[in-house]
Amino acid sequence: MIFVKSMKSQFTRTILQWNRTQNNREMPWKGEKNPYHIWLSEIILQQTRVEQGRAYYNRFIKKYPTVFKLAAAPEQEVFKLWEGLGYYNRCRNLLYTAREIVQRYNGIFPDQYEEIIQLKGVGPYTAAAIASFAYNLPYAVVDGNVFRVLSRFHGVDTAIDSTAGKQLFTALAAKMLDKKFPGEYNQAIMDFGATVCKPMVPSCSHCPLQNNCAAYQTGMVNRLPVKEKILTRKTRHFTYFIFEYEGKTFTRQRTGKDIWQGLFEFYLAETEKSQKWTVTSVTAWLEEQLGPQSLKILAISSPESQQLTHQQINGCFIRVSLKKMPALLSSGNWVTPKGLSALAFPKLITKYLSEKYKP
DNA sequence: AACTCGGGGTT
DNA sequence: AACCCAGAGTT
């Protein structure tokens, strides 16, 4: 009778060894066992660099130390804390799930993968992260780091954004996972990808996997991983009218299925083409929209722009002082300057407000 | 399976 | 300018 202990691959052993001897990456949530904190950190970190998410995580933990605190918070307040981080559906789902955990699970975070992955905003990556970090369950994370490390080490050129690629790398990640230390291993491979096997300039010269790395041995490091989808970007033209009436400003919340859902903005006119507004053209346009008005154009901003992943937004801000309340705007959300500062806006607007808007 | 959801750092 | 980032939801 021969006892075969579960054979750890050289890859897995090296990753763990590297983690224990050379990994000096520090993050506030590292080693965290509180599933609420882990979940929060993972939602924040989806498609977000660690350095960008760090301050948000600290602010959320400070303001909402427990899931009960978060669940009880008003949506606007949570959005304000999320402001500037992007992908705002994450924020909406965050609050939804916090409330579900309180109501359905009595505030106790589920501890089974199948339950965790059913939470809104939690997909395969996040479920594996929570399951392994909080409960040491043997689920392998597959994030951008893991795609990169595995595709290079194994020399796999299947596109990571294809269905076949996702399946292949998920299976490969599960195979490489250290079943005894899944949490530590998951953390280690991501840290390794972020600090050694980096996207553009990987540190192959002092990589502990160099000798067995297929990509390094064949000179394919800078060609892996493979992506097949091509990014297209469309240009949109936004004109924001900042209507001011008796010390208050018109705002509205974006609700449509579009960018910045849940955030606030001013009165928006989107046009097919770029507009070069003048006092005359603005006045004419406003009369057409609102009817004859007694108003004053206070300022027309120079062109502003913001680059999103799939869109280029060109914007112009026009401040308008109103003497009377037009019917079209009467049902709007008119806020004081203080109220304005409590609302979450897209970056295009916060940038304008901080730099150009001095009432 | 394709599309869409931000904002910012690195090269 | 292109690529990437501790991905997920919708159609």
Side-chain angles (χ1 to χ4, degrees), chain A residues 25 27-30 32 38-57 79 82-94 96-97 116-130 132-133 139-149 159-167 169-170 173 183 185-195 197-202 222-234 236 254 256-263 305-313 344-351:
Chain A
R25 201 180 190 206
M27 296 171 291
W29 48 85
K30 204 167 195 176
E32 183 63 64
I38 295 170
W39 163 68
L40 176 59
S41 73
E42 295 302 340
I43 301 300
I44 287 174
L45 291 171
Q46 288 168 2
Q47 288 293 286
T48 302
R49 287 168 303 102
V50 164
E51 287 317 310
Q52 190 183 358
R54 185 188 295 266
Y56 284 86
Y57 173 81
F79 266 93
W82 195 274
E83 183 184 55
L85 196 54
Y87 285 169
Y88 295 93
N89 275 331
R90 289 185 294 171
C91 181
R92 179 179 304 278
N93 290 335
L94 184 81
Y96 179 95
T97 294
I116 296 169
I117 199 171
Q118 290 189 28
L119 299 172
K120 204 162 275 190
V122 174
Y125 163 78
T126 304
I130 296 170
S132 65
F133 294 153
Y139 294 89
V141 294
V142 184
D143 74 331
N145 293 301
V146 174
F147 276 122
R148 187 170 56 253
V149 172
I160 62 173
D161 54 356
S162 66
T163 301
K166 284 171 194 162
Q167 287 179 353
F169 284 102
T170 298
Y185 169 85
N186 279 338
Q187 183 65 59
I189 191 172
M190 290 193 286
D191 285 346
F192 184 81
T195 61
C197 197
K198 294 175 286 185
M200 302 297 178
V201 190
N222 59 355
R223 303 194 62 87
L224 293 174
V226 171
K227 281 192 181 179
E228 65 184 9
K229 292 191 178 25
I230 300 164
L231 179 66
T232 58
R233 196 174 271 135
K234 65 176 171 180
R236 301 171 70 179
R254 289 180 67 87
K257 287 176 59 77
D258 196 354
I259 56 172
W260 303 330
Q261 186 183 10
L263 300 192
S305 71
Q306 186 183 3
Q307 190 80 248
L308 308 183
T309 301
H310 291 89
Q311 300 184 29
Q312 156 89 24
I313 309 296
F345 292 103
K347 201 70 180 179
L348 180 71
I349 292 180
T350 58
K351 187 166 179 289

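Numbers restart at 1 for each chain; the letters A, B, ... are given by sequence-line order, proteins then strands. Here the structure is a predicted model, which is why all the values come from computation and not from measurement. Just so you know, these numbers use all the heavy atoms, side chains as well, and skip hydrogens, waters and symmetry mates.
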> Nearest nucleotide by nearest heavy atom, which residue falls closer to the 5' end of DNA chain C, A/Val50 or A/Gln307?
A/Gln307
> Could you please name the option among B/dT4, B/dA1, C/dG9 that lies closest to any side-chain atom of A/His310?
B/dT4
> So, is A/Lys227 close to the C/dC3 phosphate, meaning a side-chain N or O under 4.0 Å from OP1 or OP2?
no
> Where the side chain of A/Gln311 is concerned, which of B/dC5, C/dG7, C/dC4 is the nearest nucleotide?
B/dC5
> Check A/Arg236 with A/Asp258, please: is the shortest side-chain N to carboxylate O separation under 4.0 Å?
yes
> Decide, yes or no, whether a salt bridge links A/Lys30 with A/Asp191 under the criterion of side-chain N to carboxylate O below 4.0 Å.
yes
> Look at A/Tyr87 and B/dT4 and indicate whether a side-chain polar atom (N or O) is within less than 4.0 Å of OP1 or OP2.
no
> Would you kindly say whether A/Tyr88 and A/Glu83 are connected by a side-chain donor-acceptor distance under 3.5 Å?
no
> Are OP1 or OP2 of C/dA6 and a side-chain N or O of A/Asn145 less than 4.0 angstrom apart?
yes
> Quick check: any donor-acceptor pair below 3.5 Å linking the side-chain of A/Gln47 to the base of C/dA6?
no
> Taking atom C1' in both C/dC5 and B/dG6, compute the distance separating them and give it to the nearest angstrom.
12 Å
> Using a cut-off of less than 4.0 Å, is there contact between a side-chain N or O of A/Arg90 and OP1 or OP2 of C/dG9?
no
> Taking donor-acceptor contacts at under 3.5 Å, does the side chain of A/Gln52 reach the base of B/dG8?
no
> Side chain of A/Lys347 only, heavy atoms from C-beta on: which candidate in B/dG8, B/dG6, C/dA8 is closest?
B/dG8
> Starting from the C-alpha separation in whole Å, work towards a yes-or-no answer on side-chain contact (heavy atoms from CB on, under 4.5 Å) for A/Arg254 and A/Ile259.
CA-CA 8 Å; A/Arg254 289 180 67 87; A/Ile259 56 172; 3.8 Å; yes
> Does A/Thr126 make a side-chain donor-acceptor contact with the base of C/dG7, cut-off 3.5 Å?
no
> Closest approach to the side chain of A/Tyr125, judged atom by atom: which nucleotide of C/dC5, C/dA6, C/dT10 is it?
C/dA6
> Under the 3.5 Å rule, do the base of B/dG6 and the side chain of A/Thr48 count as making a donor-acceptor pair?
yes
